[in-house]
Amino acid sequence: MKKVVLSGMRPTGALHLGHIAGALRNWIKLQDEYQCYYTIVSWHALSSEYKNSKIIKNYIFELAVDWLSAGLDPDKSVIFLQSEVKEHAELHLLLSMIIPLPWLERVPTFKEMQRQLPDKELNTYGFLGYPVLQTADIVIYKANYVPVGEDQVYHIELAREIVRRFNRFFGEVFPEPEVILTEVPKLAGIDGRKMSKSYNNAIYLGDSPSIIEEKIKPMITDTRRKRRTDPGEPNDCPVFTLHKAFTPEGKREELVKACRAASIGCLDCKKVIINELNTQFAPLRERRNEFLKKPQIVWDILEEGNKKARKKARETMEEVRKAIGF
Ligand code: SF4
């Protein structure tokens with residue numbers, strides 16, 4: 001039997017190149033080797049967006065469209081909506097009974113996010129319990145692996161601690177999930193800072209070829225290249241972070257040499273990445289347009305996934321209730 005992988009994303013808006021280069025490419029590969037569950041974690045979005053909850057449904061749709069266009073395949077993976085599998089909430093409640101409060105209060109993101117986003121008022125019971133719900137999301141499918149970036153490793157460690165505590169009280173119900181560490185390349189946005197929706201500097205999966213060109217052409221490059229004849233250093237160039245993630249190795253090596261020898265201008269170098277992105281994303285864009293024309297297909301795919309997820313979640317919850325003695 002295939003080992004189980006689970007991962008999820010909060011629906012907070014359209015996906016950008018950083019999501020493709022980080023999580024999604026990896027998720028797509030994992031589909032052939034593992035039984036993958038990929039969930040849109042709508043309740044997690046609510047923990048920070050409760051003042052703006054009506055927008056979440058649009059974000060869910062956008063995220064599902066981006067996932068499916070990028071290559072998550074509903075015939076291989078269970079693609080579903082967390083809030084449509086109510087068993088996650090029941091398990092979250094049961095786990096919350098056994099978790100010492102300090103375990104949650106020491107989670108670095110709890111205080112950090114409150115500091116970073118004061119207007120969101122994150123000093124809530126729901127936000128404190130975020131890692132408990134995350135643990136429920138993972139263990140309800142008895143996931144063996146969770147692909148995450150470095151910044152999420154702490155949460156999975158905590159999930160393992162919670163599993164150990166549950167199993168100690170009630171018997172061996174859950175496997176301890178392990179991390180599949182995903183290398184998340186540092187992608188620069190169009191202003192040279194880290195690519196992020198909140199900096200308004202991202203290149204989105206849904207951007208048309210002309211928008212991609214418009215965004216990349218004015219990007220700053222290595223400041224050593226004041227004139228066309230000045231040699232540059234690709235490792236100090238924001239544009240090159242895009243090459244690192246999307247240009248095939250051979251071509252990339254040629255660009256490195258050409259940049260250092262000043263035998264290529266920055267505009268030509270940018271044209272290479274613009275073409276690369278537009279070629280690689282052409283099929284994705286085509287699929288995206290099809291889904292946008294027929295949105296019901298997307299909701300139907302999610303509903304199919306919800307059914308499959310519910311089946312597995314219900315089986316686990318039977319076991320959990322029995323183990324607790326209910
Ligand atoms: S040639 Fe390319 S890698 Fe070198 S500085 Fe210009 S844009 Fe950056």
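We count ligands from 1, going down the list as the structure has it; atoms in each ligand are counted the same way. Here the structure is a predicted model, which is why all the values come from computation and not from measurement.
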- Note on the structure: So CD of Glu213 and CG of Asn278: to nearest 0.5 Å the spacing works out to 7.5 Å
- Query: What residues, two or more places apart in sequence or in another chain, satisfy salt bridge (Lys or Arg N to Asp or Glu O under 4.0 Å) together with Arg288?
  - Reply: Asp66
- Message: Is the positively charged end of Arg260 above the ring of Phe240, judged by distance under 6.0 angstrom from the centroid and angle within 45° of the axis?
- Response: no
- Nearest heavy-atom approach of Ala136 to His92 is CB-N, 3.8 Å
- May I ask you to list the protein N, O or S atoms found at less than 2.8 Å from atom 6 (Fe) of ligand 1? Cys266 SG
- His88 and Tyr141: aromatic ring centres closer than 6.0 Å? yes
- Is NZ or CZ of Arg321 both nearer than 6.0 Å to the six-membered ring centre of Phe326 and within 45° of the ring axis? no
